[in-house]
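The structure appears right after this line, and notes come after that.
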Amino acid sequence: MTIGATVLLPKGFDEHPNARYPTVYALSHGDVPFGFDTDPATDTPRARAQAADGGLKTGYQFAQEWQGDLPRFVAITFEQFSPYFFESYVLNSANNGPWGDAITKELMPYLEKKFRLIDQPYGRITEGASTGGWESLALLLHYPDMFGGAWTFNPDPIDFSRYQLTDVYKDANMFEFRFNDWQVADRPFRRTREGQPGLSVRDLSKLEAMLGSKGRGYYQLAIWQSTYGPVGEDGYLN
């Protein structure tokens, strides 16, 4: 099978053929790094407000700075699809396959040679939020000799004692939280900033079961289970 990447080159790359560049591996959902976009029509007031709400800039704003005075480096996103999600979670796992080895031993050396990247740990940084946040930390922890650091923002759960709001080692199940002997409530999976529950773990599980059986709903709970869990006897998630 083939794997790939999207590579964003710095200003002056062709004009400096002997220069080598550090790399930020921007872990996301396979998009263009940092939403790079040269179309001014996308830079609407609404887009700016939505980006600013997350402490970011629009893809167009970033493109203007990238082509301006930003420090020169290369930004790369991976194309790393799984049978259970549109990301493999960048590590070797029984269900998703040997993605960690494919990325670090095949894809990255190829990219470093083709795009004149610095092939030392100090020249490799990972970055990401949410799924990408988990992946940025996972690469650093599992391949510590390859990367010089990581910027990890609001990652997916990295500890089974805080698996979202569940302690896997102590709680009876992920769906319910028991206050006491007579009070039980559904666990929220997503809440507003004011604390209003928007989606429960139970509802998300039902949604994924409707989307596809045996973990093939191509959604959040399935990819977590496929990353951590074994393969079942029928070849699907156990």
Side-chain angles (χ1 to χ4, degrees), residues 3-16 21-82 84-90 111 115 117 124-139 149-157 164 188-201 203-204 207-208 210-211 217-224:
I3 59 178
T6 301
V7 180
L8 183 59
L9 299 176
K11 180 181 178 180
F13 182 85
D14 290 335
E15 288 75 20
H16 301 280
Y21 295 91
T23 309
V24 171
Y25 290 96
L27 285 308
S28 65
H29 294 320
D31 303 324
V32 176
F34 305 115
F36 182 90
D37 191 338
T38 58
D39 183 2
T42 64
D43 191 39
T44 63
R46 179 179 176 85
R48 289 200 175 201
Q50 289 178 330
D53 189 55
L56 303 172
K57 294 186 177 181
T58 66
Y60 180 78
Q61 287 177 301
F62 172 74
Q64 300 309 296
E65 295 186 6
W66 182 262
Q67 297 172 95
D69 297 327
L70 276 185
R72 306 300 186 230
F73 62 94
V74 173
I76 295 176
T77 54
F78 296 131
E79 296 175 10
Q80 37 129 357
F81 300 100
S82 157
Y84 300 99
F85 200 54
F86 39 81
E87 291 187 56
S88 69
Y89 275 55
V90 302
L111 295 171
F115 295 105
L117 310 180
R124 306 183 187 109
I125 298 293
T126 63
E127 178 274 340
S130 190
T131 296
W134 191 97
E135 292 172 331
S136 68
L137 184 59
L139 283 174
W151 288 303
T152 297
F153 304 99
N154 56 287
D156 290 354
Q164 296 291 97
F189 185 84
R190 177 181 296 167
R191 294 177 295 181
T192 68
R193 290 176 180 172
E194 291 76 25
Q196 295 286 354
L199 178 69
S200 70
V201 178
D203 288 340
L204 178 60
L207 171 65
E208 294 197 28
M210 180 274 295
L211 292 173
Y218 218 60
Y219 216 63
Q220 194 66 74
L221 297 178
I223 184 58
W224 289 350

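A quick note: this is a predicted structure, and the numbers were derived from the prediction, not measured. Counting from 1, the numbers follow the sequence of the chain as shown.
More than 12 non-hydrogen atoms from other residues, nucleotides or ligands lie less than 6.0 angstrom from OH of Tyr218. Within a 6.0 Å radius of CG in Asp69, no more than 12 heavy atoms belonging to other residues, nucleotides or ligands are found.
Residues passing the ring pair (Phe, Tyr, Trp, His ring centres under 6.0 Å) test with Phe153: none are found, sequence neighbours excluded. With sequence neighbours excluded, the residues that form a side chain to side chain contact (heavy atoms under 4.5 Å, CB included) with Leu8 are Pro33, Phe36, Phe62, Trp66, Ala75. Residues satisfying the side chain to side chain donor-acceptor pair (under 3.5 Å) criterion with Ser88, sequence neighbours excluded, are Gln80. Not counting sequence neighbours, Tyr84 has no partner by the ring pair (Phe, Tyr, Trp, His ring centres under 6.0 Å) test. In this view, Tyr89 and Thr131, Asp156, Gln220, Trp224 satisfy the side chain to side chain donor-acceptor pair (under 3.5 Å) rule, not counting sequence neighbours.
Among residue pairs with one or both ends in residues 44-56, those qualifying as side-chain hydrogen bond (donor to acceptor under 3.5 Å, both in side chains) are Asp43-Arg48, Asp53-Arg193; sequence neighbours excluded.
Proximity of a side-chain donor or acceptor of Arg191 to a complementary backbone N or O of Phe189 within less than 3.5 Å is not detected. Listed for the Glu208 side chain is a donor-acceptor partner under 3.5 Å among the backbone atoms of Leu221. Using a distance-only test at 3.5 Å, with no hydrogens or angles considered, a donor-acceptor pair links the side chain of Thr77 to the main chain of Asp31. Checked by atom type and distance alone, the side chain of Tyr21 never pairs as donor or acceptor with a backbone atom of Leu117 at under 3.5 Å.
Within the 4.5 Å cutoff, side-chain heavy atoms of Leu27 are placed close to those of Phe78. Contact annotation: the side chain of Thr6 never approaches that of Ile76 to less than 4.5 Å [non-hydrogen atoms, C-beta and beyond].
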*Decide side-chain contact (heavy atoms from CB on, under 4.5 Å) for Val74 and Val7; before the verdict, give the C-alpha distance in whole Å, the side-chain angles of both, and the deciding distance to 0.1 Å.*
CA-CA 7 Å; Val74 173; Val7 180; 3.7 Å; yes

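Note: Glu135 CD to Ser28 OG = 8.5 Å, rounded to the nearest 0.5 Å. Here Lys11 contributes atom NZ and Glu65 contributes atom CD; the two are 13.0 Å apart, rounded to the nearest 0.5 Å. The OH atom of Tyr25 lies 14.0 Å from the CD atom of Glu127; values are rounded to the nearest 0.5 Å.
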